[in-house]
Undergrad: 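The structure follows.
This is a predicted model, so every value here is computed, not measured.
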Amino acid sequence: PLGGISCSAAVRTQIGNKLEMEFLDQGEKTVKNIAQPVHVYFINMAAALQPCAPQAAATAQSAMQADKPSVAVLPFSNMSNDPEQEYFSDGITEDIITDLSKVSGLSVLSRNTVFTLKGKALNLQQAARQLGVAYVVEGSVRKAGNRVRITAQLIEGATDRHLWAERYDRELTDIFELQDEITQTIVAQLKVTLLPEEKQAIEQAPTNDVEAYTNYLKGMEFYRNGTKSSLLTAQHLFARAIALDPGYARAYAGLAHCASRLKSQHGAEISVDEIIAIADKGLAINPDLAEAQAARGNALAVDDRRAEAVSAFEQAMVLDPNSYEAHFYFGRFLTNTGDYARAAEHFMRATEIRPDDYEAPLFASQVMVPLRQHNKVHTYVQIGVKRAEEALRRHPENSRPAQLIAPALAYLGEAEQAKAWLARALEIDPDDNNVRYNAACAYAQLGEADRAFDLLEIWIQNVARDAKLWFRNDPDFEPIRSDPRYQKLLDLAG
């Protein structure tokens, strides 16, 4: 189980500035075999290692044992003047990782492993050592209008020797050919044989329309923000991508996910069958697309069609065991059904897959409450809060991080901090239905039942069946379950 170890103040002083770890002050404690109380710190290993470190180590180890060149593609830096262009540099990184992973002669670390290093100051030799790989790819992206400049380099981890470096200045319309060129150059530099079918797979882009591609990448950025306004923007961007390229399977998956969340949490007037039809269009184009299969499961979960939803989620995880959407939405579905233990497993896996995501760890902490895994509750709250604070720094206009931080901190008894985050969420998005719900969660934990019920009475009129099931099983409302108003809301939930 994830957790940590305790150390004395003296140990913290010696190693605190040498290790990238979080030291939580536990105050004076009585320690066995020591006469005087000792100032103790808890080393939060889970937060320091971003829970995916065990997986990263295992992945790297298997890569080294596979007798193939092992390579990690670090997140390409966004060198554009606009920080909002980061979605584009991340997209380039993910596509190169995906293409290299199609080469049977290479062992390539997954996105979730390498993105744990995003934004961290490491030299390439240090990164290779930390990830346990023989080679590292690093690069940068500068996008301006219809032009793009990409720099990339390949180094040998053991010697820090540059095997290859190049700068490309191209039209944006050449981006897919450029990604293919970078991928095939890396393969050639590592002296790996590229099989004909692998070359064909690499050259098969998900879309040939660069405008559709950029609309999709922007859509994913807004979709992950998770508020009603951002979901509506993402919906428009995915629809635009489909209009530009009706054969863009991933855009259908994104559109279906948006529709499910808007219906579930904001009462959007679209039927579940219509959402399933959107996901099925994506699957008709690419039957192996895990995102589309997960979108199908998510839509079925909204309507509480349990057997069908389980089947879809399980198929998605077979297609891609690292599908964040499959694990995250399956975790939500299992919470709706009261299966907290399995929900926790999938939320923890989702936490590993996306090291920048704050929702999964906060939901993991939530379902661990009825499981009485209180040490893990604290650990995952810390992980979630740390990530949410970073997300809010990047997108101060997005209320979602603040609205999820508030009830988590309220549960831990940090009332003033919880109220501060709650005030920020309500200031940013006072009319967002999810803000109402999460504010009610926080108020329930803070002992302000009247304010919680005032918000829930509005919230429940604008949600779908699955959201009502979530409410029925939400541990945050344990303090107010004996209130007659809670039973009245359950009756409305049906």
Side-chain angles (χ1 to χ4, degrees), residues 206-207 212 215-287 289-306 308-313 315-316 323-333 335-336 350 357 359 398 400 429 431-437 459-470:
T207 177
N215 273 273
Y216 170 77
L217 292 179
K218 285 182 186 176
M220 288 303 296
E221 180 82 0
F222 280 99
Y223 161 71
R224 286 167 183 157
N225 283 349
T227 62
K228 182 180 180 180
S229 60
S230 65
L231 288 169
L232 288 170
T233 301
Q235 189 177 52
H236 170 77
L237 290 164
F238 290 137
R240 175 67 178 153
I242 291 168
L244 291 164
D245 180 3
Y248 199 172
R250 288 179 181 172
Y252 287 103
L255 187 62
H257 275 306
C258 278
S260 289
R261 290 189 72 159
L262 286 167
K263 180 174 181 61
S264 167
Q265 299 162 1
H266 302 283
E269 293 184 1
I270 182 172
S271 72
V272 166
D273 286 338
E274 288 177 285
I275 302 173
I276 292 171
I278 295 169
D280 284 346
K281 285 182 181 178
L283 287 169
I285 297 164
N286 183 356
L289 187 62
E291 300 104 297
Q293 193 64 255
R296 195 175 202 282
N298 191 17
L300 290 162
V302 170
D303 209 28
D304 198 30
R305 289 154 64 172
R306 300 190 181 187
E308 294 173 89
V310 169
S311 175
F313 284 130
Q315 287 181 59
S323 169
Y324 168 84
E325 282 76 17
H327 287 283
F328 178 75
Y329 287 112
F330 196 25
R332 288 187 65 94
F333 167 81
T335 303
N336 292 344
D357 173 63
E359 294 201 33
N398 181 22
R400 185 70 173 162
D429 253 337
D431 298 321
D432 186 288
N433 211 36
N434 262 345
V435 174
R436 292 190 188 105
Y437 182 83
W459 167 84
I460 204 166
Q461 299 173 39
N462 299 290
V463 294
R465 189 175 180 183
D466 67 318
K468 294 174 182 177
L469 288 170
W470 180 279

Undergrad: Which heavy atom of Ser260 sits nearest to which heavy atom of Asn298, and what is that distance?
TA: CB-ND2, 3.6 Å

Undergrad: To the nearest 0.5 Å, tell me how far Gln235 CD sits from Arg261 CZ.
TA: 13.0 Å

Undergrad: To the closest 0.5 Å, what do you measure between CD (Glu221) and OH (Tyr216)?
TA: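 The distance works out to 12.0 Å.
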
Undergrad: How far apart are the closest heavy atoms of Ala316 and Ala326, and which atoms are they?
TA: CB-CB, 3.8 Å

Undergrad: Looking at side-chain heavy atoms only, is the closest gap between Leu232 and Leu262 below 4.5 Å?
TA: yes

Undergrad: Can you tell me how far the OG atom of Ser311 sits from the CZ atom of Arg296, to the nearest 0.5 Å?
TA: 8.5 Å

Undergrad: To the nearest 0.5 Å, tell me how far Phe222 CZ sits from Phe238 CZ.
TA: 11.0 Å

Undergrad: Report yes if some heavy atom in the side chain of Asn433 is under 4.5 Å from a heavy atom in the side chain of Lys228; otherwise report no.
TA: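 No, side chains not in contact.
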
Undergrad: Taking atom types as modelled, find out whether Asn434 and Gln265 have a side-chain donor-acceptor pair closer than 3.5 angstrom.
TA: yes

Undergrad: Please find the pair of heavy atoms, one from Ser323 and one from Ala290, that lie closest to each other, and give the distance.
TA: CB-CB, 4.2 Å

Undergrad: What I'd like to find out is whether the side chain of Lys263 reaches to under 4.5 Å of the side chain of Val272, using heavy atoms alone.
TA: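 Yes. Closest side-chain heavy atoms under 4.5 Å.
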
Undergrad: Rounded at 0.5 Å granularity, tell me how far CG in Leu469 sits from CZ in Phe333.
TA: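 Atom-to-atom, Leu469:CG and Phe333:CZ are 9.5 Å apart.
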
Undergrad: Within the 4.5 Å heavy-atom criterion, are His266 and Asn462 side-chain neighbours or not?
TA: no

Undergrad: Under a plain distance cut-off of 3.5 Å, with no hydrogens placed, do Ser271 and Glu274 share a side-chain donor-acceptor pair?
TA: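 Yes, Ser271 and Glu274 have a side-chain donor paired with an acceptor closer than 3.5 Å.
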
Undergrad: For a quick test of reading the model, state the closest non-hydrogen atom pair linking Gly226 to Leu231 and the distance between them.
TA: O-CD1, 3.8 Å

Undergrad: Heavy atoms only: give me the nearest Tyr223-Cys258 pair and the separation to one decimal.
TA: CD1-SG, 3.9 Å

Undergrad: Less than 4.0 Å between a side-chain N and a carboxylate O, is that true for Lys468 and Asp466?
TA: no

Undergrad: Can you name the residues that form a side chain to side chain contact (heavy atoms under 4.5 Å, CB included) with Asp429, not counting sequence neighbours?
TA: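 Scan of Asp429 (side chain to side chain contact (heavy atoms under 4.5 Å, CB included), adjacent residues dropped) gives Thr227, Ser399, Asp432, Val435.
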
Undergrad: Enumerate, atom names and distances included, each donor-acceptor pair closer than 3.5 Å involving a side-chain atom of residues 240-256, sequence neighbours excluded.
TA:
{"from": "Arg240", "atom 1": "NH2", "to": "Glu211", "atom 2": "OE2", "distance (Å)": "3.2"}
{"from": "Asp245", "atom 1": "OD1", "to": "Gly247", "atom 2": "N", "distance (Å)": "2.9"}
{"from": "Asp245", "atom 1": "OD2", "to": "Thr207", "atom 2": "OG1", "distance (Å)": "2.5"}
{"from": "Tyr252", "atom 1": "OH", "to": "Pro246", "atom 2": "O", "distance (Å)": "2.8"}

Undergrad: Give, for atom CG of Leu237 and atom CG of Asn215, the distance between the pair rounded to the nearest 0.5 Å.
TA: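 Going from the CG atom of Leu237 to the CG atom of Asn215 covers 5.5 Å.
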
Undergrad: Please report the closest heavy-atom contact between Asn225 and Ser230, naming both atoms and the distance.
TA: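 Of all heavy-atom pairs spanning Asn225 and Ser230, the closest is CB-OG, 3.6 Å.
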
Undergrad: Taking everything shown except His236 itself, do over 12 heavy atoms lie less than 6.0 Å from its NE2?
TA: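 Check fails, neighbour count at 12 or below.
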
Undergrad: State, yes or no, whether a side-chain contact exists between Ile275 and Val302 at a heavy-atom distance under 4.5 Å.
TA: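 SC-SC contact between Ile275 and Val302 ruled out.
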
